[in-house]
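What follows is one structure encoded as structure tokens, with my remarks underneath.
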Amino acid sequence: MSSDPKASQAQMEKIVSLCKRRGFIYQSSEIYGGINGFWDYGPLGAELKRNLRTLWWNTMTREREDVVGLDATIIMHPDIWKASGHVDTFADPMSTCKSCKKLVRSDQWWSIMGEQPWVQSLAAIVEPGTLALNTGDLLKWAKGKGKQLAPNLALVRNPEVTLSWLVQDIEAGKRPADAREYFLYLATEQKAAAGFVTPCPHCGGEMTEPRPFNLMFRSHYGPIESDDNVCYLRPETAQAIFVQFKNVFDSSRVKVPFGIGQIGKAFRNEITPRNYTFRSREFEQMELEFFIRPDEVIRLIYGEVAQWHEGADLSEPQPNWGWELWHRYWVDQRTKFYESIGLGRDVLDYYWQSKDELAHYATATVDILFKFPFGTEELEGIAARGDFDLTQHQKHSGKSLEVFDEELREAVKKLTDEQKKDFIAEVQEEWNDCNKSREDAAIFCDKLLTKASYLPHVIEPSAGLDRLALGILTHAFSEEEKADVNGKVETRTILRFHPRVAPIKVGVFPLLKNKPELVAKAREVYALLKKHMNCFYDESAAIGRRYARQDEVGTPFGVTIDFETCGEKGPELQDTVTLRHRDSGEQERVKISELLGKLLPLVS
RNA sequence: GCGGGAAUAACUCAGUGGUAGAGUGUCAGCUUCCCAAGCUGAAGGUCGCGGGUUCGAAUCCCGUUUCCCGCUCCA
């Protein structure tokens with residue numbers, strides 16, 4: 001993977017072209033001109049995705065005793081999206097600068113402003129504390145520094161007129177309320193005619209009115225469209241897990257800590273779908289919500305919460321783990337998953353979000369990134385979300401989502417009244433430090449101590465299946481210069497998929513197709529293998545060409561049936577075949593009866 | 001949504017106003033053929049779509065869709 005943008009773009013183009021030519025990925029609705037942000041998977045892409053989906057499902061649910069599965073609908077009760085916050089926060093208003101055409105999210109406008117050199121240098125003149133009017137310095141700035149830093153700002157283009165409004169209002173006793181409003185004055189040339197102009201953070205020019213961008217797909221349930229039956233295609237699969245949390249808990253004999261996994265389609269009306277399938281409007285997610293005891297519960301039961309430290313043993317979950325160790329544990333588990341399908345640490349990266357970047361519901365978030373040709377981008381996010389989601393759904397639905405904890409009850413029984421009082425005081429103090437009310441802390445403690453019940457906290461490893469498929473494809477892509485038998489040098493493409501994810505596991509070839517005994521034997525081998533793995537039978541063209549064709553779609557193994565298989569060179573070679581390895585090109589002679597036993601462990 | 005580039009066979013591209021081409025790939029045949037071999041033959045194109053200019057448009061103009069690159073997004 002090259003860091004040179006042109007080379008990586010060229011590489012992406014080769015991958016896109018290969019994917020189409022060999023049936024991995026097509027543009028959706030192509031014969032109708034296509035539709036922006038939607039992609040289809042062809043025969044090989046469907047197999048690749050299925051392999052990845054199955055591997056995730058098996059690793060995350062079947063092979064674990066503490067995770068169960070769920071398959072919920074795409075369209076759910078619309079109130080779910082009000083509770084989750086998506087109805088409000090998924091409609092980001094945006095403005096464009098009329099001069100430099102840059103796009104700015106309205107809710108981030110002021111914080112982006114704060115980072116701009118022109119804003120900072122102006123702020124120094126304005127004296128933010130007093131907002132005193134300093135006409136002389138402002139005029140000087142407009143004709144000097146301003147010309148370079150913010151050429152399209154009204155104050156720079158027409159300083160006298162622009163400042164006259166401010167002077168007029170201040171004289172009339174209407175001072176700007178704050179620094180923000182002050183900047184609106186400086187950006188507005190004709191206040192009376194058109195009202196305040198919002199300045200572009202980049203050039204000072206005029207921003208358009210904020211336009212809402214609703215990122216959720218809307219529809220209606222029932223045959224008549226009205227405001228009463230609006231519904232949404234889910235923008236993430238996770239909410240269904242929270243909403244069905246109590247049902248799963250009550251019907252599956254699970255105990256906290258446990259997880260619920262789900263794989264499914266999600267939909268987002270992205271502003272700009274980009275980078276091939278990386279950001280699509282319809283995509284598939286693989287999400288786990290892993291529910292854990294709040295740290296306070298761990299403390300009541302085990303006395304203290306195990307602390308994370310560099311080099312901590314994360315291999316086996318321990319009962320006294322709090323959210324932090326569970327969070328680290330899942331980062332470790334997910335890394336191991338990626339390694340098991342060929343994405344090693346050399347192509348992965350991690351991004352630990354800083355405290356102020358975190359979404360309001362999260363206590364910690366790690367992004368697992370992959371080095372795509374077009375940049376290092378997120379493959380999976382692992383968030384510690386506290387009890388935010390369950391709290392929201394409990395509040396909006398009016399149904400209790402709390403769980404009863406037998407061990408907690410036993411632990412609480414042993415406490416003296418004095419110890420209970422100390423515990424409550426301690427928790428109140430801690431919550432207060434995190435800007436949560438003492439009152440809420442008291443209610444929370446009361447539930448723990450009298451009812452032994454609580455809302456579990458959650459760790460959410462949330463991965464994109466299409467992104468993973470794209471990562472696997474770009475990682476597997478390789479080219480080799482190779483001379484053919486005539487010495488002509490050609491570039492050959494090889495997809496070096498890990499055998500576990502490869503769409504086709506084995507190619508089966510009779511050396512020649514005009515010899516019935518070879519064909520019959522080859523079809524026999526094909527029939528034997530295809531019940532256990534995806535195989536491809538090919539008898540057309542020279543054997544080298546058939547190998548090359550399979551290399552190009554990443555088939556890790558080839559089996560060739562020749563005259564020796566039929567016993568022509570003696571009985572010791574009878575019923576043996578050539579097994580060819582894609583990456584090394586090496587060949588070995590294997591008995592047909594031993595073929596399955598040899599291949600199965602390699603591909604599953 | 002805004003700006004820049006692109007769109008011709010399955011893929012990569014040539015074709016600047018006068019009969020739509022090449023290479024690769026695909027398919028069929030011959031071949032005791034183990035790394036895209038050779039030979040013979042075949043299929044495959046509303047030149048993204050819609051208008052306009054013109055006797056005549058793949059080619060010039062306008063619109064539109066999609067893809068790529070930036071602004072923005074984050075599974």
Side-chain angles (χ1 to χ4, degrees), chain A residues 5-6 9-10 12-14 16-23 26-38 92 94-98 100-105 108 112 202 208 211 213 215 235-238 266 268-276 278-280 283-287 351 353 359 365 367-369 374 377-383 460-468 482-488 490-493 509-515 518 540-552 558 560-564 566 568-569 578 580 582 585-587:
Chain A
K6 266 194 191 150
Q9 195 184 326
M12 270 315 288
E13 277 164 18
K14 282 184 200 163
V16 171
S17 143
L18 173 72
C19 281
K20 180 171 185 200
R21 189 158 43 84
R22 301 310 306 263
Y26 316 121
Q27 189 177 15
S28 169
S29 321
E30 195 189 87
I31 63 167
Y32 281 91
I35 175 166
N36 190 321
F38 297 88
D92 303 324
M94 302 264 197
S95 309
T96 324
C97 172
K98 289 180 182 172
C100 73
K101 306 294 182 194
K102 286 199 174 156
L103 195 71
V104 173
R105 254 175 71 172
Q108 291 176 353
I112 296 171
H202 305 283
T208 59
R211 282 171 309 223
F213 280 64
L215 264 34
E236 62 171 39
T237 59
R268 291 184 193 176
N269 236 331
E270 294 290 348
I271 304 163
T272 314
R274 205 49 75 80
N275 286 329
Y276 200 26
F278 182 79
R279 177 167 292 114
S280 307
F283 57 100
E284 199 163 346
Q285 292 184 306
M286 307 183 289
E287 297 198 287
Y351 181 75
Q353 288 189 14
T365 298
D367 294 336
I368 299 183
L369 313 167
F374 46 81
E377 298 279 359
E378 183 179 356
L379 213 50
E380 168 159 356
I382 304 174
E460 177 192 85
S462 168
L465 175 51
D466 306 270
R467 290 182 171 189
L468 178 54
K482 203 171 165 186
D484 67 15
V485 287
N486 299 323
K488 191 176 134 205
E490 287 180 320
T491 304
R492 305 181 185 202
T493 305
F509 320 113
L511 191 61
L512 289 176
K513 73 169 161 180
N514 62 342
K515 300 290 176 244
L518 290 185
S540 84
I543 189 68
R545 178 179 296 264
R546 282 178 272 168
Y547 287 148
R549 285 200 278 233
Q550 290 307 308
D551 285 348
E552 203 182 21
T560 305
I561 286 78
D562 57 19
F563 296 98
E564 292 157 33
C566 301
E568 204 171 82
K569 299 243 170 89
T578 303
R580 179 227 185 220
R582 175 198 65 206
E586 275 169 29
Q587 301 193 341

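So that the names make sense, note that chain A is the first sequence line, chain B the second, and so on, each numbered from 1. No hydrogens, no waters, no symmetry mates; every other heavy atom, side chains included, goes into these values. Predicted model only: the values in this text are computed from it and were never measured.
Taking the P atom of each, B:U66 and B:C60 are spaced 23 Å apart, rounded to whole Å. Rounded to whole Å, the P atom of B:C47 lies 16 Å from the corresponding atom of B:C11. Atom C1' of B:C34 sits at a distance of 28 Å from the matching atom of B:A42, rounded to the whole Å. Distance noted for atom P between B:A58 and B:C69: 31 Å (whole Å).
Regarding contacts with the backbone of B:C69, a side-chain N or O of A:Asn275 is found under 4.0 angstrom from either OP1 or OP2. Here A:Arg545 reaches the OP1 or OP2 of B:U26: one of its side-chain N or O atoms lies under 4.0 Å away. Contact annotation: A:Arg268 side-chain N/O to B:A75 OP1/OP2 distance is under 4.0 Å. Dashed line: the shortest gap from a side-chain N or O of A:Arg582 to OP1 or OP2 of B:C35 is not under 4.0 Å. Contact between the side-chain N/O atoms of A:Arg492 and the OP1/OP2 oxygens of B:A36 is found at a separation under 4.0 Å.
The side chain of A:Leu511 lies closest to B:C33, out of B:A75, B:C67, B:C33. Picking from B:C34, B:C67, B:A75 the nucleotide with the shortest atom distance to the side chain of A:Glu378 gives B:A75. The side chain of A:Arg274 lies closest to B:C71, out of B:C33, B:U66, B:C71. Nearest nucleotide to the A:Ser540 side chain, out of B:U66, B:A75, B:A28: B:A28. Minimum atom distance to the side chain of A:Ala542 is reached by B:C33, of the listed B:C33, B:C67, B:A10.
In this structure, A:Arg21 pairs ionically with A:Glu552, as a charged nitrogen and a carboxylate oxygen lie closer than 4.0 Å. Using a 4.0 Å cut-off between charged side-chain N and carboxylate O, A:Arg580 and A:Asp551 make a salt bridge. Ion pairing between a basic and an acidic side chain is recognised when a charged N comes within 4.0 Å of a carboxylate O; A:Lys20 and A:Glu30 show such pairing.
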N/O-N/O pairs, protein side and nucleotides 29-32 of chain B side, under 3.5 Å:
| residue | atom | partner | partner atom | Å |
| --- | --- | --- | --- | --- |
| B:G29 | OP2 | A:Lys513 | NZ | 3.0 |
| B:U31 | OP2 | A:Asn514 | ND2 | 3.1 |
| B:U32 | OP2 | A:Lys515 | NZ | 3.4 |
| B:U32 | N3 | A:Glu568 | OE1 | 3.1 |
| B:U32 | N3 | A:Glu568 | OE2 | 3.3 |
| B:U32 | O4 | A:Glu568 | OE2 | 2.8 |

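In this structure, A:Gly37 reaches the sugar-phosphate backbone alone: every heavy-atom distance under 4.0 Å involves primed, P, OP1 or OP2 atoms, never a base.
In this structure, A:Gln550 atom CD and B:C34 atom C1' are separated by 15 Å, rounded to whole Å. At whole-Å resolution of the value, CD in A:Gln9 and C1' in B:U12 are 16 Å apart. Distance A:Arg546 CZ to B:C35 P: 12 Å, rounded to the nearest Å.
Interface remark: the A:Arg549 side chain does not form any donor-acceptor pair with the B:G25 base, using a distance-only criterion of under 3.5 Å. Remark: the A:Arg580 side chain and the B:C35 base include a donor-acceptor N/O pair separated by less than 3.5 Å. If you check distances only, the side chain of A:Thr578 does reach the base of B:C34 with a donor-acceptor pair under 3.5 Å. In the interface, the side chain of A:Tyr547 is paired with the base of B:C34 through a donor and an acceptor atom under 3.5 Å apart.
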Query raised in the report: After noting the C-alpha distance and the side-chain angles of A:Tyr547 and A:Phe509, does the key distance pass the ring-ring contact (aromatic ring centres under 6.0 Å, His included) rule?
Result: CA-CA 9 Å; A:Tyr547 287 148; A:Phe509 320 113; 5.6 Å; yes
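Among residues two or more places apart in sequence or in another chain, the salt bridge (Lys or Arg N to Asp or Glu O under 4.0 Å) test is passed with A:Lys513 by none. With sequence neighbours excluded, no residue forms a salt bridge (Lys or Arg N to Asp or Glu O under 4.0 Å) with A:Glu287.
Taking the centre and axis of the six-membered ring of A:Phe283, the NZ or CZ atom of A:Arg268 falls outside the cone set by 45° and 6.0 Å.
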